Amino acid sequence: MAFQTLGEMVRERATKHPSEIAFRQRQGDRFIDIDWKTCLERMDRIAAGILTAQELAPNAAVAIIGNTTLEWVLCDFAAQMVGLQTVPIYASLLPEEVGYMHVDTDVRLSIAENKDQMEKIREMRKGFHFFERDYDPSEVKLDRVIVIDPTGLDPADDWESLADLEARGGEKLEETKADREKRLADIKRDMIATYTYTSGTTGAPKAVIQTHDNMLAMLESIDSLQMFNDTVRKGGLFLFLPLAHSFGRLIELAGPYFGSSIVLSSVPTLVEDLGIAKPGFFPSAPRVYEKMKSKIETAVAGAPPARQRLFHWAVNTGKQTIPYRSKGEPIPFFLKMKLGLADRIVLSKLRARLGLDSAGLLLSGSAPLNVEVHEFFLAMGLELMEAYGLTETCPGLTTNMPGDFNLGSVGKPFPGVQIKIADDGEILAKGANITSGYLNRPDATDGAFNKEGWFHTGDLGAMDTAGFVKITGRKKELIKTSGGKYVAPAKIEGRVKTLPIVQEAVVIGDTRNFCVMVVSIDPEELEDWAKQQGVDADPHSEPVKAAVQAHLDEVNSSLASFESIKYFRVLPEPMTVENGILTASLKVKRKVVHERYADLIDEMYTSAKK
C-alpha cells in the first residue's frame, strides 16, 4: 500500500471500505461499532468547520489536548486531510507546559477535551514561566479554541464546542469542498505531519519533527513483517495509550492502514474493557504487564495449596515451550501433550481472565520488559513481543517476532532500519522512519546526528551475530562511582520493580563510593499484599521494609559488588505526574528525585560512616 500522506490513507480507507468497522467504543456494558462511513461524514464536517472557524494557512499547527477518545482521533484525521500539522499534548501537563508547546509550534487553533483543559489554556494565555524564562501573553498566538466536551463551561467568546463546529461544517461542506480537496492534493510525503514532544526528563521537551514519510515508512515496515495477521485484525487494535505518545499514535494510524478496527479504552477502564472487547492486539508499556502478573499471582497465593501447585505446574509447562517457540521450531510430542492439558485446565482460563483469549499479538515498548514477566505471558500461550524505539524513530527501531525472538533482547531491526553499535556502546540508527530533527532546536538536532547521518539514540547496547539487540542502559543515566566504576541504573531498577508493592525505584551513586536506592510503594498493590500478610497497609512499616530488603538481597546476589545496593529508603509518597516526579509518559525525572529527597539520600551515606 503506497500511500503518499496520512490524510490520503485515511480518506482512501473510509471511501473504499465505508461499511468496515473503524472504531469500537464503550457504551454501558458493551462496545458499539462505528463504521468508516459515519467517521468520514464527521471528519468532513470537522474539517469544513475548522476551515471556516478562522483563516488557517496550509501547514498551520493545530494542538489537541486531552485523553484518548474517538473525537481526538477524528479531529486529528480531519486536520491531516486538509494539510494541517497536529500537535498532540498530554492531558496531564501543567498550564506552563501547555503554553510552551503552543508558543514553540506557533499553534493557532487548539482543540481541548473538556473544561479542565480549557482552563489550562486560559491560564497560559495570561503569560507563564517555564524553564527559567518568562513568556509574555503576546507570545501565545492562539486564535481559537474548540472544546470537545464543554460540560461545566459557561458560554464565552474564547471557545466553541465541537458540536457547534461540526454543525457549521455540515452547512459549509459544498462551499469548502474545493479548498479541502486542493489542500489534500497539495500535501507531499516529505512534508511535516505532526510534532510530538519528548518527555523532557532532563530539560525543556523537544518537538520532534515527524513527516508523513516518517510515519508511513514505519507502517510499511510493520506491514512487510506481517505483524498484524488475520487474528490481530479481526479482534481489533486495543488503544488506551495516550495519543501524545508515539506508541499510541502508531496504533491510531495502524487502524486505517491495516484495515483493522480500533478498540478505544482508557487507563481507568482498561481491565473491564479488555474483558468485554477481547481484542486481537494489545500494546502496552511493561508496567501494565507487571500489574497483570502481580494480580494473578496474588490471587493464586490466596488459593488452596493444591490449586497453587496446579498453577505452578501449568506455568512451568508453558515455560518449557519457550526455547522451541523462540526459534519457530515444533514443540516435542510429549511436551505438546502436557501443554494441551495445562492449557485446558489452567492457561486458557488465565488468558480469558485477562481478556486476552482472542489476542494474536501483545507488544511491549517504551521501557525495558523484565524477563520474568515476559516468560510468564509466553507461558500462558500469549505472543508477547518486546520492541524498542524512540519518539524520534516514529517510534520503532527493533522488534521481536513470534517464532523469532530472544528473551532479554528488544529484537532485530525493522525492515528498512539500520543499526550499528558505536565504539562507546551507543546504539546508532538510520532509516526512513527517523526524524530529521527538532523544531527550533538546531543545537539539539546537530547533537543527535553524526557526520555520516547516524542518529544517536542515547541508549547503550549490543547486537549479537543473529542481529538481536540488547539494551544495557541509558548513556546520560550512567552512574560513575567515586571508584571509577560505571553502573547502569535501569537494569537494577527493573529487577527491583518486579516486587509487586514497589511502584518505582531510583538508584543513586554518581561520584559516591557505593550505590543506594529510594523506592516508592504502590498503594493499590500494598492493600492486596497487606491483606495476605495480615499486616497494616503502611508503606513505612517494618514488614514492608523487610519485604523490600529481602527482594533487594536477591537482586544484589546477581550484581557485581560495585553496583549492588547497600541501603534503601521508602519515599513518603508514590511517584506521580501530579507531584512532578514523573513525566507525562511516566518516566522518572531523576534530577527532581535527587533534589527533592537530597536529605534522605545524604542520610543514607552519613549513616554508613557511623
Side-chain angles (χ1 to χ4, degrees), residues 22-34 38-39 41-50 52-54 62-79 86-99 101-102 107-126 140 142-171 239-245 248 252 262-273 276-277 576-578 584:
F23 299 94
R24 298 177 64 202
Q25 186 177 36
R26 178 81 179 266
Q27 192 174 88
D29 60 356
R30 65 191 183 96
F31 275 81
I32 60 166
D33 295 336
I34 302 165
T38 303
C39 291
E41 289 171 352
R42 287 197 68 185
M43 289 186 290
D44 280 342
R45 292 197 298 269
I46 291 169
I50 287 174
T52 54
Q54 66 190 88
V62 175
I64 310 178
I65 317 167
N67 295 294
T68 300
T69 62
L70 174 63
E71 284 69 26
W72 199 112
V73 178
L74 294 181
C75 287
D76 183 30
F77 286 171
T86 49
V87 184
I89 299 178
Y90 285 101
S92 58
L93 293 186
L94 299 171
E96 57 267 29
E97 295 172 299
V98 173
M101 292 174 183
H102 276 70
V107 167
R108 298 307 174 104
L109 172 71
S110 213
I111 300 170
E113 180 186 5
N114 52 27
K115 178 185 176 184
D116 289 345
Q117 304 306 328
M118 183 64 207
E119 288 176 347
K120 290 179 189 177
I121 291 172
R122 284 173 170 168
E123 185 65 27
M124 66 88 169
R125 275 179 139 173
K126 299 173 186 175
V140 181
L142 181 63
D143 296 317
R144 196 174 189 87
V145 182
I146 308 302
V147 181
I148 294 172
D149 176 12
T151 303
L153 274 173
D154 293 328
D157 295 335
D158 62 347
W159 67 272
E160 177 185 21
S161 72
L162 179 63
D164 286 347
L165 177 135
E166 279 196 67
R168 186 179 67 253
E171 296 170 358
L239 178 57
F240 75 98
L241 296 164
L243 289 163
H245 194 292
E252 174 205 21
I262 294 175
V263 182
L264 293 161
S265 182
S266 66
V267 174
T269 62
L270 186 152
V271 174
E272 275 188 12
D273 290 348
I276 299 170
T576 65
V577 175
E578 290 72 25

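All figures in this text were calculated on a predicted structure; none of them were measured in a lab.
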Legend entry - Residues L162, I46; criterion side chain to side chain contact (heavy atoms under 4.5 Å, CB included); working and verdict: CA-CA 8 Å; L162 179 63; I46 291 169; 4.2 Å; yes
Inset, instruction - Check step by step if side chain to side chain contact (heavy atoms under 4.5 Å, CB included) holds for V263 and F31. - result: CA-CA 8 Å; V263 182; F31 275 81; 3.7 Å; yes
Inset, instruction - Would you please test R122 and M118 for side chain to side chain contact (heavy atoms under 4.5 Å, CB included) and show each step? - result: CA-CA 6 Å; R122 284 173 170 168; M118 183 64 207; 3.7 Å; yes
Inset, instruction - Decide side chain to side chain contact (heavy atoms under 4.5 Å, CB included) for M101 and I65; before the verdict, give the C-alpha distance in whole Å, the side-chain angles of both, and the deciding distance to 0.1 Å. - result: CA-CA 11 Å; M101 292 174 183; I65 317 167; over 6 Å; no
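D76 places no side-chain N or O within donor-acceptor distance of the main-chain N or O of A79, the cut-off being under 3.5 Å. The main-chain N or O of L241 is found under 3.5 Å from a side-chain atom of T68 such that the two form a donor-acceptor pair. Panel note: side chain R45, backbone A47; no donor-acceptor pair is recorded below 3.5 Å. Distance alone, capped at 3.5 Å, places no donor-acceptor pair between the T269 side chain and the E272 backbone. Side chain of R26 to backbone of S266: no donor-acceptor contact under 3.5 angstrom is found. The closest donor-acceptor contact from the side chain of Q117 to the backbone of G66 lies at 3.5 Å or more, if one exists at all. Side chain of K120 to backbone of A91: a donor-acceptor contact under 3.5 angstrom is found.
A distance of 4.0 Å separates CE of M124 from NE2 of H102, quoted to the nearest 0.5 Å. A distance of 7.0 Å separates CD of E578 from OG of S92, quoted to the nearest 0.5 Å. Taking OG of S110 as the reference point, atom CG of D143 lies at 11.0 Å (rounded to 0.5 Å). Taking CD1 from I111 and CH2 from W159, the interatomic distance works out to 14.5 Å, rounded to the nearest 0.5 Å. The distance from the CD1 atom of I262 to the CD atom of Q25 is 12.0 Å, given to the nearest 0.5 Å. The line from CG of N114 to CG of N67 is 7.5 Å long, rounded to the nearest 0.5 Å.
The heavy-atom pair separating V145 from A112 by the smallest distance is CG1-CB, 4.3 Å. Heavy atoms only, all atoms of each residue included: T86 and P88 are closest at O-CD, 3.6 Å. Taking each heavy atom of A63 and I89 in turn, the nearest pair found is CB-CD1, 4.0 Å. Here the shortest heavy-atom pairing between D164 and S161 reads N-OG, 3.0 Å.
E71 is listed as a side-chain neighbour of R42, based on a closest heavy-atom distance under 4.5 Å. Considering only heavy atoms from C-beta on, D158 stays 4.5 Å or farther from I121 through its side chain. Between L109 and I146, some side-chain heavy-atom pair lies under the 4.5 Å cut-off. No side-chain heavy atom of R144 sits less than 4.5 Å from a side-chain heavy atom of L165. In this structure, V147 and L153 have side chains that are in contact, with non-hydrogen atoms separated by less than 4.5 Å.
Relative ring orientation between Y90 and H245 is described as perpendicular, the plane-to-plane angle rising above 60° on a 0-90° scale split at 30° and 60°.
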